[in-house]
Amino acid sequence: MARLDHVITNIVDIFMDYADDGGKKRQLNKEELKKLFEQEIQSPDLKDTISAGDIEDAMAMLDKNHDGEVNFREFCRCVCVLAKCYFQKKTGRGGKRGKGKDQEGEEEEG
């Protein structure tokens, strides 16, 4: 299986594993989201971006329809945010908006 195929199927499978509540609606409540973060995020680079205290904030940010649960679409937003954080950490890019390469270089010289 190609790497991106593997990533996509893993995202769907992980969500379904944690949101499985006996055949009812497939959504994550706060406890399921916390358990998912704790068990499925092991990389120190990613684990440092999420702490147990951040679960309330994550729910508020992700739960766009304010039903107290995270649906698959909302979960995908979370995965995208984590991927962006990892990319920024790995490349040293991002995080500073409105600054181009020229502006950053001028600040270092001055």
Side-chain angles (χ1 to χ4, degrees):
M1 185 181 288
R3 290 188 305 169
L4 192 52
D5 289 339
H6 190 65
V7 169
I8 292 168
T9 57
N10 275 343
I11 290 171
V12 172
D13 291 344
I14 288 168
F15 179 83
M16 291 176 69
D17 286 349
Y18 287 88
D20 185 24
D21 53 359
K24 299 178 184 172
K25 59 181 179 176
R26 293 189 184 266
Q27 297 197 40
L28 296 168
N29 61 34
K30 184 171 44 175
E31 291 77 29
E32 291 166 333
L33 185 63
K34 181 179 179 181
K35 184 176 179 182
L36 186 152
F37 286 158
E38 289 172 350
Q39 294 183 356
E40 299 296 335
I41 296 177
Q42 298 298 316
S43 163
D45 288 337
L46 295 176
K47 209 165 188 74
D48 290 346
T49 63
I50 298 173
S51 68
D54 294 332
I55 301 299
E56 290 287 335
D57 293 339
M59 280 298 290
M61 178 188 80
L62 296 172
D63 185 18
K64 297 295 183 187
N65 60 2
H66 308 290
D67 66 352
E69 297 185 311
V70 174
N71 63 31
F72 184 70
R73 183 181 197 155
E74 293 162 339
F75 175 69
C76 286
R77 281 193 201 113
C78 175
V79 172
C80 287
V81 168
L82 291 172
K84 282 195 242 180
C85 289
Y86 180 69
F87 176 80
Q88 290 169 355
K89 197 167 204 173
K90 191 169 183 168
T91 63
R93 295 183 179 178
K96 294 181 181 178
R97 294 182 178 195
K99 287 190 172 186
K101 288 182 181 177
D102 295 334
Q103 291 173 330
E104 288 176 0
E106 291 173 9
E107 286 182 5
E108 290 174 5
E109 292 173 6

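Just so it is clear, the values below take in all heavy atoms, side chains as well, and ignore hydrogens, waters and symmetry mates. Fair warning: this is a prediction, and the values are worked out from it, not measured in the lab.
With sequence neighbours excluded, no residue forms a salt bridge (Lys or Arg N to Asp or Glu O under 4.0 Å) with Glu32. Residues meeting the side chain to side chain contact (heavy atoms under 4.5 Å, CB included) test with Phe87, sequence neighbours left out: Thr91. Applying the ring pair (Phe, Tyr, Trp, His ring centres under 6.0 Å) criterion to Phe15, with sequence neighbours excluded, gives Phe72, Phe75. For Arg3, there are no side chain to side chain contact (heavy atoms under 4.5 Å, CB included) partners at least two apart in sequence or on another chain. Take His6 and apply the side-chain hydrogen bond (donor to acceptor under 3.5 Å, both in side chains) test, not counting sequence neighbours, and it matches Asn10.
Looking at heavy atoms from C-beta onward, Lys30 lies out of side-chain contact with Val70 at the 4.5 angstrom threshold.
Rounding to the nearest 0.5 Å places CG of Leu36 at 8.0 Å from SG of Cys78. The structure places CG of Asp67 at 10.5 Å from CG of Asn29, a figure rounded to the nearest 0.5 Å.
Between the side chain of Glu74 and the backbone N or O of Asn71 there is at least one donor-acceptor pair closer than 3.5 Å.
For residues 5-18, no residue pair satisfies the salt bridge (charged side-chain N to carboxylate O under 4.0 Å, His left out) rule, not counting sequence neighbours.
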Problem - Residue pair Leu33, Glu69: steps toward the side-chain contact (heavy atoms from CB on, under 4.5 Å) verdict - result: CA-CA 9 Å; Leu33 185 63; Glu69 297 185 311; over 6 Å; no
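Of the candidates Gln39, Gln27, Arg26, Lys35, Gln39 is the only one forming a side chain to side chain donor-acceptor pair (under 3.5 Å) with Tyr18.
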